[in-house]
Amino acid sequence: MFYKEKGFYISLLCGLVALIAFGAICYSMIGPTEEGDSGSKVAVESPKPVQTEAPKTQETTSDEVTSEVKATETPKATKKPKKTVKTGTTPVQNKLHFDQEAGLLWPVEGKILMEYSADKVVYFKTLAEYRTNPAVLIEAKAGDNVQASANGVVKEIYTSEETGRTLTMDIGDNFTVTYGQLKEITVQKGDSVMEGQVIGKVAEPTKYYSMEGTNLYYQVKENKNTVNPMVLLR
């Protein structure tokens, strides 16, 4: 009886061992392979790579590119136009000023043949008559240089039957000086003239002054009214 029971347990034990072994074989064949005590490695599935979209490129037209280039270009410095300054033989006066205290330079050297007379008449030999004289006649030789009595601007040049070639100059502060019986005038209308500058030469006298002799007709005006030149000549 004892042996029968012993054999039963042995058979049962063997069956359990066989069952465990079979289960272990099956597990190793179908189960996940993880790293256990035996040091075997477990196959781990790596995550799939995520595809990323390439950045979109914005198309630009040639006109847009040209405008962008123009916008970034440094503006070129523009050259300022050069001022043109007219230069003459004499400097231009910005504003004329006549200093009455300084007076006027004698235009020629000579004695007075006929004095200024605006208030009373004087006798003219050539005309054989009495009349007022709004200027002075300064004795001179034909061909003598005539100098400007003050700084000024040539206002007009004309020919008169009485005074021949005549030049009028604006000297500032409403004063003008007129030179008559000239020739070989060296300036033109609009020219700026400096005091002492030669403006012409003394000509032969006109028929109005043939008996008085060769002279320079010299007249000064202030506000279109004649002034005695002898008051201002120095």
Side-chain angles (χ1 to χ4, degrees), residues 86 88-119 122 124 126-127 131-210 212-234:
K86 294 182 179 180
T89 55
T90 55
V92 177
Q93 303 294 325
N94 292 329
K95 185 176 180 180
L96 294 171
H97 171 64
F98 172 54
D99 186 353
Q100 296 185 48
E101 293 184 1
L104 297 169
L105 178 72
W106 278 77
V108 292
E109 293 183 3
K111 66 180 182 179
I112 302 299
L113 294 178
M114 186 173 291
E115 296 181 352
Y116 172 84
S117 179
D119 299 330
V122 292
F124 283 74
T126 304
L127 299 176
R131 54 187 295 189
T132 59
N133 183 27
V136 292
L137 303 183
I138 305 174
E139 184 181 30
K141 295 179 182 180
D144 284 352
N145 288 332
V146 179
Q147 303 177 93
S149 293
N151 297 339
V153 176
V154 179
K155 190 174 181 181
E156 58 181 339
I157 299 174
Y158 58 94
T159 300
S160 166
E161 184 179 5
E162 180 180 351
T163 59
R165 291 292 288 166
T166 307
L167 182 153
T168 299
M169 187 180 300
D170 180 5
I171 61 172
D173 297 319
N174 299 314
F175 278 87
T176 59
V177 179
T178 298
Y179 308 82
Q181 303 196 104
L182 297 175
K183 67 178 181 178
E184 300 178 23
I185 296 173
T186 60
V187 293
Q188 297 178 351
K189 181 179 179 180
D191 284 354
S192 295
V193 179
M194 300 296 292
E195 180 182 302
Q197 181 179 336
V198 175
I199 58 174
K201 296 181 183 296
V202 176
E204 296 293 337
T206 65
K207 63 182 180 180
Y208 284 78
Y209 301 101
S210 60
E212 280 77 10
T214 307
N215 66 83
L216 175 71
Y217 179 90
Y218 188 76
Q219 183 185 73
V220 178
K221 286 185 177 181
E222 180 184 9
N223 292 317
K224 298 182 179 181
N225 297 317
T226 59
V227 177
N228 187 353
M230 300 305 296
V231 176
L232 298 171
L233 286 170
R234 60 178 186 268

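Just so it is clear, the values below take in all heavy atoms, side chains as well, and ignore hydrogens, waters and symmetry mates. Along the sequence shown, residues are numbered consecutively beginning with 1.
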For Ala150 versus Met169, what's the shortest heavy-atom pair and its separation? O-SD, 4.0 Å
Evaluate the side chain to side chain contact (heavy atoms under 4.5 Å, CB included) criterion for residues Ile185 and Ile199: first the C-alpha distance (whole Å), next the side-chain angles of each, then the deciding distance (0.1 Å), finally the verdict. CA-CA 6 Å; Ile185 296 173; Ile199 58 174; 5.6 Å; no
Tell me the ring-ring contact (aromatic ring centres under 6.0 Å, His included) pairs involving residues 165-198, sequence neighbours left out? Phe98-Phe175, Tyr179-Tyr218
Backbone of Glu115 reached by a side-chain donor or acceptor of Asn133 within 3.5 Å: yes
Stepwise side chain to side chain contact (heavy atoms under 4.5 Å, CB included) test for Lys111 and Ile138: CA-CA 6 Å; Lys111 66 180 182 179; Ile138 305 174; over 6 Å; no
Decide if atom CG of Asp119 counts as having more than 12 heavy atoms of other residues, nucleotides or ligands within a radius under 6.0 Å. no
Please report the shortest heavy-atom distance between Glu204 and Ala142, naming the atom on each side. OE2-CB, 3.4 Å
Just one of Pro205, Pro134, Ser160 clears the side chain to side chain contact (heavy atoms under 4.5 Å, CB included) bar with Tyr217, so which one? Pro134
CD of Gln219 to OG1 of Thr226, rounded to nearest 0.5 Å, is 6.5 Å
Given side chain to side chain donor-acceptor pair (under 3.5 Å), test Thr168 with Thr178 step by step and report yes or no. CA-CA 4 Å; Thr168 299; Thr178 298; 3.1 Å; yes
Kindly compute the distance separating CD (Gln147) from CD (Gln197), expressed to the nearest 0.5 Å. 10.0 Å
For the pair Glu162 and Lys207, find out whether any cationic side-chain nitrogen is under 4.0 Å from an anionic carboxylate oxygen. no
Given Ser117 and Thr132, is the side chain to side chain contact (heavy atoms under 4.5 Å, CB included) satisfied, shown in steps? CA-CA 6 Å; Ser117 179; Thr132 59; 5.5 Å; no
Closest contact, heavy atoms only, Val154 versus Lys189: CG1-CA, 3.7 Å
Atom CG of Leu167 and atom NZ of Lys155: how far apart are they, to the nearest 0.5 Å? 12.0 Å
Verify side chain to side chain contact (heavy atoms under 4.5 Å, CB included) between Val146 and Leu182, making sure each step is shown before the conclusion. CA-CA 8 Å; Val146 179; Leu182 297 175; 3.7 Å; yes
Would you name the heavy atoms of Thr206 and Glu161 that are closest together and state the gap between them? CB-O, 3.9 Å
Within the side chain of Thr163, is there an N or O that forms a donor-acceptor pair under 3.5 Å with the backbone of Gly180? no
Quick check: do Val153 and Val193 have side-chain heavy atoms less than 4.5 Å from each other? no
When rounded to the nearest 0.5 angstrom, what is the spacing between NZ in Lys95 and CG in Asp173? 7.5 Å
State whether Phe124 and Arg131 meet the cation-pi test: NZ (Lys) or CZ (Arg) under 6.0 Å from the six-membered ring centroid, and within 45° of the perpendicular axis. yes
Check: Gly172 main-chain N/O paired with Asp170 side-chain donor or acceptor under 3.5 Å: yes
Identified side chain to side chain contact (heavy atoms under 4.5 Å, CB included) partner of Ile171 from the options Leu104, Leu96, Asn151, Thr176: Leu104
So salt bridge (Lys or Arg N to Asp or Glu O under 4.0 Å) across residues 212-234, not counting sequence neighbours, yields Glu195-Arg234
Check: Val198 main-chain N/O paired with Thr186 side-chain donor or acceptor under 3.5 Å: yes
Do you know the tightest heavy-atom contact between Ile112 and Met230? CD1-SD, 3.9 Å
Compare every heavy atom of Arg165 with every heavy atom of Thr159, then report the nearest pair and how far apart it is. OG1-NH1, 2.9 Å
Answer yes if the side chains of Asn215 and Gln181 hold a donor-acceptor pair under 3.5 Å, and no otherwise. yes
